[in-house]
Amino acid sequence: MPLLREAAGPATIIRREDYTPPPFWIDRIELTFDLDPAKTRVLNKMVLRRNTEVPAQPLRLDGEELNLARVMLNGGGCSFKMDGDALVMESLPDGPEPFELEIFTTCSPEKNTQLSGLYLSQGDFFTQCEAEGFRRITYFLDRPDVMASYTVTLRADKDKYPVLLSNGNLVEQGELPDNRHFAKWSDPHRKPSYLFALVAGRLVAREQRIVTRAGKEHLLQVYVRPGDMDKTEHAMNSLVSSVIWDEARFGLALDLERFMIVATSDFNMGAMENKGLNIFNTKYVLANSATATDTDFANIESVVAHEYFHNWTGNRITCRDWFQLSLKEGLTVFRDQEFSMDLCADASARAVKRIEDVRVLRTMQFAEDAGPMAHPVRPDQYVEINNFYTVTVYEKGAEVVRMMQTLVGRDGFRKGMDLYFQRHDGQAVTCDDFAQAIADANPDSELARQPDAFKRWYSQSGTPRVTARGTYNAEERRYTLTLDQSCPATPGQAEKLPFVIPVAVGLVDAGGQDLALRLSGETHAVAGSRLLVLSEASQRFVFEDIDAEPVPSVLRGFSAPVIVDNGLSDAQLLHLLAHDSDAFNRWEAGQQLALRRAVAAIRAEGPVAAQPLDHAVVEAMRAVLRHPTLDAALKELVLTLPSETYIAEQLDEVDPQRIHAVREAMREQLAQALQADWVWAFEQHKDNGAYRPDPVSSGRRALAGLALTMLCLDARQTGDTVWPGKAYQRFKDAGNMTDRFNALSALVVSGQPLAQEALARFHTMFRHEALVIDKWFALQAGAPDRGGNILPSVRQLMNHPDFSLKNPNRARSVIFSFCSANPAGFHRADAAGYVFWSERVLELDAINPQVAARLARAMDRWKKLAEPYRSAAREAVARVAAKSDLSADVREVITRALAE
Ligand code: BES
Ligand code: ZN
């Protein structure tokens, strides 16, 4: 049933500066659930007391879509009133003594299509409470700074719901009349309501016991539906690695006897860190070599780790308010990135992981920072907090933590983390508290010298620009590097103060070696990279004893989330691409060379050049591909051109069709010019033995996959049928999903006639594997547009019997793959893509506002579009805005998109 919503009143803006501590504390809560899909009964007994540190106020309990049956105060009647959704009690006992409230409500899980609060997934019960879903389960002070001890009793039918789970430890279970049973759970740790969870259903678990350093035994469980047990090994291995890593790197041990992960196929996000009972989207749990790709395996490893790491960074120390979201998310993303890097066997694999992370940051977060939804890592205001689970809070937030580590060193960062836990364990704190702990533990660091300037990374939005210019003085044997910084205006922030920017730099000599570096005033030269800290608008760094003009390699390892203008010539970039000891900047040099060619061809008048790349770049790419020692994963990254989205961000005016045409022309050129090299690469990397998702073999599969795509692309030009035939054969014979899907994708992406046959066969093979069918949908909706063919096929896919708008994974696989990941398919001169978008936003908004609001963001950058796209896009956005009963979620995104 669609949501019935009031026509829009004025949006309520929540402001960070308005924060006040809660007027009441809730010390304990005892919840009893009678689980029933149509009508679940919830008895909530809680012990509250006034917070005497703030002026006496009425108690306002949050609630949403609840049916209230009874309220009792200290076992007797009491007066209360409703104010909108809130339950308000004005005449509560004065003074600090605890009192007891008993609130009885019901709710309807089967009607909950928003997947926030208590809902059903394939007949089983799940909860999702972050950020404000607990209020959809019972009346409560639903804010993260109110931490309570939870006892939870679940009662349900024994056959339909044999497994009953909640946070903490199972303390009692037994039979009830009418074929029902119960389980009672007690969480030994106080927690905010957003970490509450329950699960009930027919589930099975893979179990493993582990012993931590202190000699304590813990039970780890991964719960899935009965048919999915054969896809749980990798998630369990990832969990075990995570437990071990957090103890080894940060001294943080598991604080629970039992740690559970449960998978559900209906989930708005990736996964959720509920205390002791993490709930996951099946996409980030289920994997075996037949159904999941290398990317899936890597994602599972990092998402399992991420949620586990929240147990300390998020759960033990939580956020004071939702403006501090990056306190837990930025820090925990940083931790999961470090974990994945530490699992890598060598420096090259670490660099590959770093490049992948930076690629996400630069395409997604830089675009967000330049658009209407730009906000600081610690936002100042929101209408709907769900709209602020963003790449800025997450990925840029992680970069801010990474810069702290860079400034204080790895050991210093560990000391800072220790101090953070010493000071704040069990508390709800702010981003400033975190930065201060890292600074205080490292009094001699650059971070401690200017903590307030550094904290601007939390308060100022926008991506800083850094200009680097070098001059060489042969007589004085000096090289002077001048670094300038600036930051463009963003919504609500016209002027910015300088940031503290760690810039890792190397100087590469003519032979490709790093020079030893000595800054003026220093006594010793240091080999390799060194860290410059830019904290003023402009600073000069003078290097001594330089015998010949070097090529500067600036921002090695992407040491800060900034846009660099390095002023390098093509020749200098080619030098770095051939020699830089820093794998990140080596990759970056190749990206910049390709980007320059792309931008030139896009800006040129007339039809798109057939061969936008010049000889030097093609030969440099060939040299990388044939390089005797570089590993396959890095080669695959270098040989992959910057995405259309990233190219678009470099332009003032965006013509998505022209960008697509130029990038495709470049791809075809590389396919043709390097044909023999692609054959070599494919033959050399196609066989990898028994499947293992490690960096080396997954890198080899990635390069073989790229080679096959290039060979099919070239075959399309020449009319060759041998390589498409080989791709089809590989698709049929593949021993794992990565090779199979790459072969299928090579056929689809190159528009080969065999693609249709392969797609049909793939669907038949995997029709019972929902996650694989998601890939099947996504591949088709995201395929390169040829003459406007994608939108009609997307509309057809939506009529496929396997399609459902209610399942977020399925909706994303078709609609998001088209609207957000296929610019050339989406941005049509006839505006049909935008019409499709507006229809889907409205349709989804009636089912699931959170998912709808994410889709709404596909139009964030409409103002950058060239005509006729711009006018048509504005019209589509305005059409959505004209709807009177939009959710607050979608309303906020659309209002910002239209703002001047
Ligand atoms: N706490 C979030 C999940 C969440 C986000 C719940 C927003 C409710 C609203 C969780 O820790 C998280 O960050 N999950 C990410 C994956 C992670 C690896 C970055 C997600 O779900 O996308
Ligand atoms: Zn998280």
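In listed order, ligands and their atoms are each counted from 1. Keep in mind that the numbers below use all heavy atoms, side chains included, and drop hydrogens, waters and symmetry copies.
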Please work out whether the ring planes of [X] and [Y] are parallel, tilted or perpendicular, with thresholds of 30° and 60°.
{"X": "Trp322", "Y": "Tyr389", "value": "tilted"}
{"X": "Tyr308", "Y": "Phe259", "value": "perpendicular"}
{"X": "Tyr150", "Y": "Phe134", "value": "perpendicular"}

Heavy-atom neighbours of Glu110 CD exceed 12 at 6.0 Å:
yes
Can you tell me if Met364 has over 12 outside heavy atoms packed within less than 6.0 Å of its CE?
no
Distance under 4.0 Å to a non-hydrogen atom of [X]: what atoms of ligand 1 satisfy this?
{"X": "Lys328", "value": "1 (N)"}
{"X": "Met272", "value": "1 (N), 3 (C), 6 (C)"}
{"X": "Met269", "value": "5 (C), 7 (C), 20 (C), 21 (O), 22 (O)"}
{"X": "His310", "value": "11 (O)"}

Closest non-hydrogen atom pair between [X] and [Y], with its separation:
{"X": "Thr232", "Y": "Arg206", "result": "OG1-NE, 2.7 Å"}
{"X": "Ile894", "Y": "Ala856", "result": "CD1-CB, 4.3 Å"}
{"X": "Phe125", "Y": "Pro109", "result": "CE2-CG, 3.7 Å"}

Would you say [X] and ligand 1 have an N/O pair spaced under 3.5 Å apart?
{"X": "Glu273", "result": "yes"}
{"X": "Gly270", "result": "yes"}
{"X": "Ser302", "result": "no"}
{"X": "Ala271", "result": "yes"}

Measure from the ring center of [X] to the ring center of [Y] and say whether it is less than 6.0 Å.
{"X": "Phe267", "Y": "Phe280", "result": "no"}
{"X": "Tyr382", "Y": "Phe323", "result": "yes"}
{"X": "Phe413", "Y": "Phe334", "result": "yes"}

Suppose we measure from [atom] to each protein heavy atom; which comes out shortest, and what is that distance?
{"atom": "atom 16 (C) of ligand 1", "answer": "Glu307 OE2, 4.0 Å"}
{"atom": "atom 7 (C) of ligand 1", "answer": "Tyr389 CD2, 3.0 Å"}
{"atom": "atom 6 (C) of ligand 1", "answer": "Gln128 NE2, 3.3 Å"}

Is [X] touching ligand 1 with its side chain, its backbone, both, or neither, if touching means heavy atoms under 4.0 Å apart?
{"X": "Glu130", "value": "both"}
{"X": "His306", "value": "side chain"}
{"X": "Tyr394", "value": "side chain"}

Taking a cutoff of less than 4.0 Å between a non-hydrogen atom of the residue and any ligand atom, is Gln850 in contact with ligand 1?
no
The Zn ion (ligand 2): which protein N, O or S atoms are under 2.8 Å away?
His306 NE2, His310 NE2, Glu329 OE1, Glu329 OE2
May I ask you to say whether Glu649 pairs ionically with Arg362, meaning some side-chain N is under 4.0 Å from a carboxylate O?
no
Is the positively charged end of Arg320 above the ring of Tyr19, judged by distance under 6.0 angstrom from the centroid and angle within 45° of the axis?
yes
